[in-house]
Amino acid sequence: QVQLVESGGGLVQPGGSLRLSCAASGSIFSINAMGWYRQVSGEQREMVATINSASGTNYADSVKGRFTISRDNAKNTVYLQMNSLKLEDTAVYYCKLIARLRNDSQRMYWGQGTQVTVAS
């Protein structure tokens, strides 16, 4: 099965930066897309940024110009560089993977989540 390991979350002051990482492991045949989602307590999980197999990206309007998603295909890892962080960026961030394993169909996988807290 696929395992997603997230890292990079923590406490940061407004205007600061963090970089999240999500490494996928397992018998992966192909990765169709990877992305980052976030969720605040009591709210729905929302898309932050996605990147597909052709390196096409999509961002939530609230993070455009501040966040950058990238990936390292050789390491099956996706990153989220977060700059100019705001108080409203505080949330649990989840890594999402759409992939096909060897001898299996395409499925969706979620990371365990990592807390990002922006506070002064």
Side-chain angles (χ1 to χ4, degrees):
Q1 64 180 29
V2 170
Q3 183 176 16
L4 299 176
V5 179
E6 300 181 29
S7 62
L11 175 65
V12 65
Q13 293 183 324
S17 298
L18 286 174
R19 189 175 81 152
L20 305 183
S21 299
C22 177
S25 62
S27 300
I28 300 174
F29 178 76
S30 63
I31 296 176
N32 288 348
M34 303 185 79
W36 291 95
Y37 291 68
R38 66 188 181 188
Q39 186 170 24
V40 178
S41 296
E43 303 291 335
Q44 295 188 42
R45 189 172 299 183
E46 66 175 359
M47 187 274 290
V48 177
T50 61
I51 184 167
N52 62 24
S53 59
S55 296
T57 58
N58 187 36
Y59 296 92
D61 289 341
S62 60
V63 307
K64 287 181 179 178
R66 300 188 298 119
F67 291 9
T68 302
I69 188 170
S70 62
R71 69 182 189 185
D72 185 333
N73 291 337
K75 298 180 179 179
N76 287 334
T77 300
V78 63
Y79 305 93
L80 185 67
Q81 179 66 47
M82 303 185 292
N83 298 326
S84 302
L85 283 161
K86 303 175 180 180
L87 297 179
E88 52 264 41
D89 293 320
T90 296
V92 177
Y93 284 70
Y94 296 89
C95 176
K96 179 183 177 182
L97 171 71
I98 299 176
R100 178 185 174 187
L101 303 185
R102 296 188 185 278
N103 303 120
D104 199 4
S105 59
Q106 178 177 281
R107 299 180 187 275
M108 182 186 303
Y109 305 90
W110 290 98
Q112 80 281 2
T114 184
Q115 176 70 46
V116 172
T117 301
V118 184
S120 58

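As the structure is a computational prediction, the values presented were derived from the model and not from experiment.
Applying the disulfide bond (SG atoms under 2.5 Å apart) test to every pair with at least one member in residues 25-93, sequence neighbours left out, gives no pairs at all. The stretch residues 70-107 participates, sequence neighbours left out, in these disulfide bond (SG atoms under 2.5 Å apart) pairs: Cys22-Cys95. Residue pairs meeting the side-chain hydrogen bond (donor to acceptor under 3.5 Å, both in side chains) criterion with at least one member in residues 9-30, sequence neighbours excluded: Ser17-Asn83. For the side-chain hydrogen bond (donor to acceptor under 3.5 Å, both in side chains) condition, the pairs that include at least one residue of residues 94-103, sequence neighbours left out, are Tyr37-Lys96. Note on residues 39-83: no pairs pass disulfide bond (SG atoms under 2.5 Å apart), not counting sequence neighbours. For the ring pair (Phe, Tyr, Trp, His ring centres under 6.0 Å) condition, no pair includes a residue of residues 44-77, sequence neighbours left out.
Residues that satisfy the salt bridge (charged side-chain N to carboxylate O under 4.0 Å, His left out) test with Arg71, not counting sequence neighbours, are absent from this structure. Asn52 pairs by the side chain to side chain contact (heavy atoms under 4.5 Å, CB included) definition with Ala54, not counting sequence neighbours. Annotation: salt bridge (charged side-chain N to carboxylate O under 4.0 Å, His left out) contacts of Arg66 (sequence neighbours excluded): Asp89. Residues that satisfy the salt bridge (charged side-chain N to carboxylate O under 4.0 Å, His left out) test with Asp72, not counting sequence neighbours, are absent from this structure. The side chain to side chain contact (heavy atoms under 4.5 Å, CB included) search around Val5 returns Gln3, not counting sequence neighbours. Residues satisfying the side-chain hydrogen bond (donor to acceptor under 3.5 Å, both in side chains) criterion with Gln112, sequence neighbours excluded, are absent altogether.
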